[in-house]
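A quick write-up on the structure given underneath.
Residue numbers begin at 1 in each chain, while the letters A, B, ... track the order of the sequences.
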Amino acid sequence: MGYEISRRTALRGVVNGAAVAVGVPLLDAFLDGNGEAMAAPTATGGVAAVPVRFGTWFWGLGVNPNRWFPSKVGPGYDLKPELAPIKDYQNKINVYGNFNVPLDGAPNLPHASGGPAIRTGRALTAERGLPGESFDVTIGDLIGTRTRFRSLEMSSSGDPRNSLSGRGGGNLNPSEVSASALYTRIFGTGFKDPNSATFTPDPQVMARRSVLSAVTEQRQSLERAVGAADRQKLDQYYTSVRQLENQLDVQLTKPEPLQSCVVPRSVADLPVNAEIEHVILNHQLMTQLLVMALACDQTRIFNMMFNNGASSLTRIGSTITHHQLTHEEVLDNRLGYQPNATYFLTKIMEAWVGFVAALDGIKEGSRTLLDNTLVLAHSETEFAKFHTIDNIPIMTAGSAGGRMKTGIYVDGAGTPVSRVGLTLQQVMGVSLDRWGSKSMETSKSIGEVVA
Amino acid sequence: MKRVKLLKLATLGFAAASALAAGVGAVDTPPSIASPAPSAQAALAPQFQIVAMRRITEAQYRNTIADIFGPDVRVAGRFEPVVRPAHELIASGAREASISPAGLEQFDAMARGVAAQVFDESRRSQFAECQPADATKADADCAGKVLAPLGRLLFRRPLSAGERDFYVKLAGDSAGQTGSFYKGLELSLSAMLDSPNFLYVVETAEPDPANPGALRLDNYTRATRLGFMLWNSTPNEALLQAAQQGKLTDDAALAVIAGRMVNSPRFEQGLRAFFSDMLLFEKFDELAKDPVIYPYFNQDVAKALPEQTLRTITAHLLGKGGDYRALFTTPNTFMTRSLGPLYQVPVHKSAGWEPYQFAAGDDRAGLLGQAGFLSIYSHSGRSSPTLRGRAIRELLMCQPVPNPPGNVNFTAVQDVHNKATPTARSRLTAHSTDEVCAGCHKITDPVGLSLERFDGIGAFRAAENDTPIDSSGILDGMHFEGADGLGKTLASSPDTTQCVSSRALQYATGLGSEDVSPWVEALDKQFAASGYGIRALFLKVATMPATWQVKAAPLDQGATKISYAGQRR
Amino acid sequence: MMRSAGNRRLARCSAAIAALLALGPMTGASGPLGSPAVGEATDRTLPRPPANGEMGFVVSSLAQTVVPGLDACPNGTVPRLRDAWLETLPPEEHARLKLKENIQEFERGWQSYAFGANGTNICSQPDIFDHPLIRTVQSPYAFGLNLDEDAAPNSTCTHENFSSPTGEKGIDNQVYRAMGCTLEWRGVDGSGGDITRGSKQFHSSGEWTQVLLLRGVDSLQNDNDVEVVYANTSDRPNVDTNGNFLSGVSFTINNTAPRYRNVLRGRIVNGVLTTRPQDIVLTETWGQGGARDIRGARSKWEMRQGRLQLAFQPDGTLRGLVGGYRPIFDVYQAMALGGAGTALVAGIDCAAYHATLKKLADGIRDPKTGQCSGVSSAEQMSAVPAFVNDVPTGQRTAAR
């Protein structure tokens with residue numbers, strides 16, 4: 001075919017010729033993949049009357065990567081020995097691997113850099129505090145302003161400064177370390193039974209509602225002058241406005257009683273220290289109190305620290321710490337891990353499953369408290385012996401009221417860990433399109449897990 | 001000045017009259033304006049109508065907010081994408097795009113975010129020249145002075161008196177509720193940003209005096225088209241004034257204004273948007289490669305690839321005023337540290353971009369030798385002559401290629417470890433023994449196979465599975481060798497210049513390829529006469545009558561045609 | 001000294017062992033580390049150098065060398081501080097302290113072994129403590145270079161030489177002799193400890209990337225005069241998913257203080273580039289710790305009378321050794337960075353390590369006292385091709 005022939009003819013020739021040869025009509029199936037309507041995460045509260053909560057669960061000193069991270073990406077991931085405890089809840093837990101923490105030349109401060117990077121999307125430069133606002137606080141600004149507690153911080157191994165939540169700089173939300181003190185704080189003086197409390201509509205929501213009404217009021221003037229195709233678009237637009245109005249109306253109505261809210265009995269004083277046996281018990285008690293605090297809508301944001309970064313966990317009768325073991329115990333080349341240090345990891349994973357189970361044990365309508373919550377669980381290092389901070393183990397549990405897909409292993413392929421924070425914030429309704437700084441700045445959320 | 005006033009009176013009067021004539025309530029019409037006698041013709045036949053509603057894109061939204069409120073006002077949120085129709089531009093898709101509940105929720109969140117920033121304490125004085133009598137109470141007079149100019153900028157036309165009253169009242173009501181004048185302004189501004197008048201470019205038409213019975217786009221619609229077509233942003237003050245003065249329906253004045261716009265540095269932003277649309281740059285957002293197969297690919301590379309291509313395009317077409325066809329053969333491009341390893345070339349600057357020229361005889365020539373094109377049209381773990389060939393046909397020559405049928409067995413193509421078929425060429429040959437497949441692959445593969453010396457991320461390779469790669473290609477009967485040969489062949493094909501001409505016209509009008517086809521050959525001839533300069537092409541598009549004509553489409557039965565457009569002019 | 005059976009076998013089959021080493025765990029399972037640890041010439045055809053004679057490389061691995069096997073340490077590996085303290089006590093005390101009821105006493109006891117008066121500790125002030133020396137390498141084999149072959153008289157101190165596993169005599173590597181039986185170097189099973197993986201980890205983090213720029217190369221086979229710029233860059237390397245360095249990446253030699261840019265001269269004989277002895281100074285950044293403590297203070301990496309011995313490989317890479325005398329403090333500092341934590345958390349007896357290094361010092365001799373304050377050392381090095389941008393010509397003379 002020469003070039004003298006006109007473009008139109010050439011085009012027809014190609015297409016018709018091909019159509020004949022192939023013998024099939026043109027399919028629309030190969031439309032570019034961006035045609036799908038976006039998922040519909042709702043901002044504050046969603047259409048359900050049940051609130052959606054966000055929280056974190058932290059453990060120190062990482063994992064043995066080859067014994068923890070799944071090999072199979074996507075749904076139905078495989079469970080290696082150290083992840084096996086989550087088996088019963090696997091369909092409600094996502095695992096995230098191969099997300100990196102690029103520090104852009106800032107030092108990797110052992111046990112200090114990893115956690116804040118996940119929470120703030122920034123590299124830590126001082127040994128203490130946070131390099132920016134942790135995103136649980138950002139989410140709290142959105143969903144935590146109307147409950148009695150903006151958030152609850154807990155540390156089950158006894159150090160009130162063990163916290164990764166705060167506005168940045170020296171500001172850290174201190175952790176409650178004793179279960180009995182936590183009880184008093186939540187259910188002592190000042191506790192109001194949510195089911196008997198009066199309802200005051202949120203003025204912010206009312207203001208938004210009036211904006212949408214205003215938009216609708218102008219509908220007629222525009223519709224009069226449009227053709228059929230544009231009318232259809234306008235109809236869709238106003239249907240969307242109506243739907244958003246309905247969502248807000250739900251929030252402006254007194255919610256249904258919280259059926260699962262039962263005020264627990266008080267908790268006895270227990271030793272608070274870093275002995276693993278005590279930590280496990282303390283964590284259990286705190287978890288039970290937290291679960292009721294959530295069921296009774298006393299808070300919608302929480303941060304639980306199981307142990308600290310350079311973990312001071314010990315076993316009763318021994319003084320050697322978890323942290324010591326990770327460094328002192330030589331990597332057994334045949335086993336491929338440190339057996340004594342790994343003992344603690346097993347206990348940690350069991351505690352995590354206990355935490356998830358406690359949330360899942362509370363029914364909320366057709367779902368459970370866990371389903372209506374999104375919990376981010378993570379450590380501060382990948383493999384503690386070398387203080388590695390790329391590929392820090394991360395999980396999420398719960399679906400934030402159906403906004404997250406669950407039961408998936410995500411391979412981050414070396415992309416920055418801030419993608420996790422960006423995604424979770426977006427899922428929780430924070431309006432932002434990029435997050436993190438320098439090499440950790442990202443606008444790519446993790447599409448695989450967004451429902 | 002006098003003329004403007006007259007115009008205003010006339011249109012307002014016309015609106016009131018037609019609203020009455022149509023029997024609808026004059027809700028938006030100020031009652032104080034006396035209505036002159038309506039012309040009989042106006043009462044009988046609709047003359048102003050909305051002819052298109054085009055949703056603004058993410059980039060247009062961002063540019064608009066930056067232009068009106070300043071670049072420091074952050075727009076944070078996810079945008080519902082405008083869907084690209086098969087084989088067309090996103091600019092055409094914008095005519096079809098509706099807004100879903102999730103999309104609106106995001107727009108609403110962004111609107112509130114923008115409005116809160118605009119009227120926060122640090123910025124409000126920039127936008128509110130007057131002070132309220134009491135900052136805790138409504139002040140209709142001051143609110144009107146603040147909101148009317150902003151409404152004009154956001155809706156790309158002056159607000160009607162009814163609209164102005166409406167937004168002032170909204171601000172007043174909200175000020176009452178919140179006890180803050182500025183909170184009231186904030187809410188009213190949110191409502192404007194949520195309005196379809198902002199989220200859509202509402203294109204309106206008026207009778208064409210030169211063409212009795214036909215319609216032409218009116219002045220404000222023209223201002224908006226020029227703004228988005230040439231600068232990818234909302235019309236600026238100068239354009240809105242030109243519209244107000246009726247200059248944009250005056251051919252001579254229009255040519256002067258458009259000429260100024262294509263010669264402005266801001267045209268680069270417009271040109272980037274055009275080529276991002278034409279070359280399907282949204283694919284870069286989803287670009288992912290298997291890191292085990294391609295260790296040289298990472299997120300920094302992914303970020304740099306579209307930028308390299310856009311820099312190459314704008315430096316050649318604008319910086320040098322170069323011939324469009326030479327985009328397929330130019331050895332000049334730009335490098336940055338993250339791309340150096342992929343190309344295996346030295347990069348001197350530790351940060352930023354630097355010009356780079358491939359040596360004579362290097363197979364990397366033109367856009368098709370760039371890793372951006374080569375990696376998008378590849379799979380995550382292997383190259384694809386078929387995808388590359390198809391993209392060249394569809395994107396650069398505007399020749400749609402049919403999709404494969406649903407039941408194809410791709411095993412032969414995918415098995416890159418089969419020793420019997422070590423190269424893509426041999427695998428495709430095996431695949432194409434199936435006659436059903438052969439028909440289409442004949443169109444794409446001989447073109448794409450010439451690029452096989454570049455792997456799935458566009459890195460150079462001489463061999464695949466230890467077998468030397470044959471990079472000969474055929475395009476419409478022309479035989480050639482490698483990317484260099486392909487570039488030369490494309491540069492000499494009239495299809496490529498006709499294609500970009502067609503795309504430019506589609507981009508301006510939002511019409512599809514079929515709709516603009518009657519004008520393409522003539523446009524291409526004028527493009528040729530200019531030496532295939534891109535400024536000349538866009539100037540031509542901006543000044544040709546076809547761009548501003550409107551196909552009269554029948555309105556909905558029973559719809560009242562005039563009141564909206566009529567009352568606002 | 002008695003040779004163990006294993007050593008005799010090793011001597012007979014040195015060539016085979018050397019080949020084995022290339023694949024052994026000591027050099028890592030794969031990647032650039034899985035290569036001969038010595039700069040052996042290759043008989044395969046080498047590519048021609050570029051026309052301008054300039055070749056850039058980025059150092060892709062730099063790690064201590066260990067000849068594997070437990071027989072190098074017939075008395076076992078160096079005990080942790082807890083056990084080192086026990087060894088200072090009479091045997092009957094061992095049993096008593098290990099009883100469950102005495103665990104607190106045991107813990108107090110060994111931990112106090114890390115501290116002295118006024119809060120001093122064995123890692124921050126190792127020289128004021130008198131701990132017994134640690135177990136040292138008893139095998140006659142080590143990787144390394146013959147550093148004192150052409151040394152000036154009275155410039156070194158008395159020491160024993162090693163032989164290389166391939167039979168080369170006169171190998172100087174007192175760092176290996178001193179440290180080679182620690183668990184960090186030897187590992188529990190003798191196949192190599194944490195230093196290999198640790199070095200790779202630190203190195204690929206890119207915090208102290210080194211580059212080589214060769215000038216005046218006429219042939220990769222034989223060339224009488226080659227200039228080698230050996231310098232630091234603050235540009236970060238690109239690595240694959242396994243942490244292996246990618247080739248063809250551009251780097252710019254640091255032109256801001258501290259600017260370490262060593263200009264060496266050497267020659268190529270049978271495909272092996274060897275540079276003439278010269279003091280080499282580079283930065284060493286462990287990236288562990290903030291700027292306010294010793295860990296964050298970026299240290300120097302010095303090789304006095306240092307030299308490179310690197311073989312050109314057919315795949316374009318360089319493999320071999322960098323050797324020289326390292327000031328004791330530098331060697332020691334890398335371990336003792338954590339202060340008392342090094343002793344308590346990692347169980348390292350810093351005072352004993354320090355005393356052992358001091359005793360085995362064989363270089364950097366003070367002409368007045370006759371004391372040596374440096375230890376001979378050799379590290380395995382590999383480098384992959386890179387584009388190296390030198391500092392601008394006019395500013396090169398300012399280099400140290």
Side-chain angles (χ1 to χ4, degrees), chain B residues 288-305 308 333-364 369-371 374-375 380-381 453-463 466, chain C residues 29-32 47 49-58 60 204-207 209 211-215 229 231-256 259 314-317 383-393 395:
Chain B
K289 297 291 172 185
D290 185 329
V292 175
I293 300 174
Y294 298 119
Y296 282 89
F297 188 86
N298 56 44
Q299 286 311 304
D300 294 338
V301 170
K303 247 188 248 174
L305 289 176
Q308 183 185 40
T333 184
F334 292 82
M335 283 291 168
T336 187
R337 271 289 165 88
S338 58
L339 290 184
L342 191 158
Y343 286 95
Q344 292 284 303
V345 301
V347 179
H348 301 290
K349 281 163 75 173
S350 292
W353 291 83
E354 62 191 35
Y356 187 83
Q357 185 171 39
F358 288 107
D362 196 304
D363 202 26
R364 301 244 185 219
Q370 293 196 354
L374 294 162
S375 58
S380 75
R453 287 202 288 171
F454 303 104
D455 68 13
I457 60 165
F460 181 81
R461 58 178 179 182
D466 295 326
Chain C
S30 64
N52 67 359
E54 279 200 14
M55 301 176 78
F57 297 87
V58 59
S60 53
S204 64
S205 77
E207 290 178 28
T209 309
V211 290
L212 294 165
L213 179 58
L214 278 47
R215 287 211 177 88
V229 180
N232 284 117
T233 174
S234 49
D235 298 330
R236 302 170 85 73
N238 292 25
V239 294
D240 68 13
T241 50
N242 295 316
N244 297 320
F245 281 49
L246 301 178
S247 62
V249 180
S250 294
F251 297 92
T252 302
I253 290 175
N254 273 4
N255 200 17
T256 49
R259 195 181 102 182
D315 66 359
T317 62
V384 301
F387 298 104
V388 176
N389 298 295
D390 201 351
V391 300
T393 321
Q395 295 167 40

Could you check whether any side-chain heavy atom of C/Val229 comes within less than 4.5 Å of a side-chain heavy atom of C/Arg215, counting everything from C-beta outward? yes

Max heavy-atom pairs within cutoff under 4.5 Å with chain B, candidates C/Pro385, C/Gly56, C/Ser247, goes to C/Ser247

For B/Arg364, the salt bridge (charged side-chain N to carboxylate O under 4.0 Å, His left out) test, sequence neighbours excluded, returns none

Taking a cut-off of under 4.5 angstrom between non-hydrogen atoms, the residues of residues 338-349 of chain B near chain C are B/Gly340, B/Pro341, B/Gln344, B/Val345, B/Pro346, B/Val347, B/His348

When rounded to the nearest 0.5 Å, the distance separating CG of C/Asp240 from CG of C/Leu246 is 5.5 Å

dist C/Ile253:CD1 -> C/Asp390:CG (nearest 0.5 Å) comes out at 4.0 Å

Those residues at least two apart in sequence (or on a different chain) that pass side-chain contact (heavy atoms from CB on, under 4.5 Å) with B/Asp466 are none

If one checks every heavy atom of B/Tyr294 against chain C at 4.5 Å, the contacting part turns out to be neither

Between the CG atom in C/Asp235 and the OG1 atom in C/Thr252, the distance rounded to the nearest 0.5 Å is 5.0 Å

With sequence neighbours left out, the residues meeting salt bridge (charged side-chain N to carboxylate O under 4.0 Å, His left out) with B/Asp290 are none

The interface call for B/Asn298 against chain C, heavy-atom contacts under 4.5 Å, is side chain

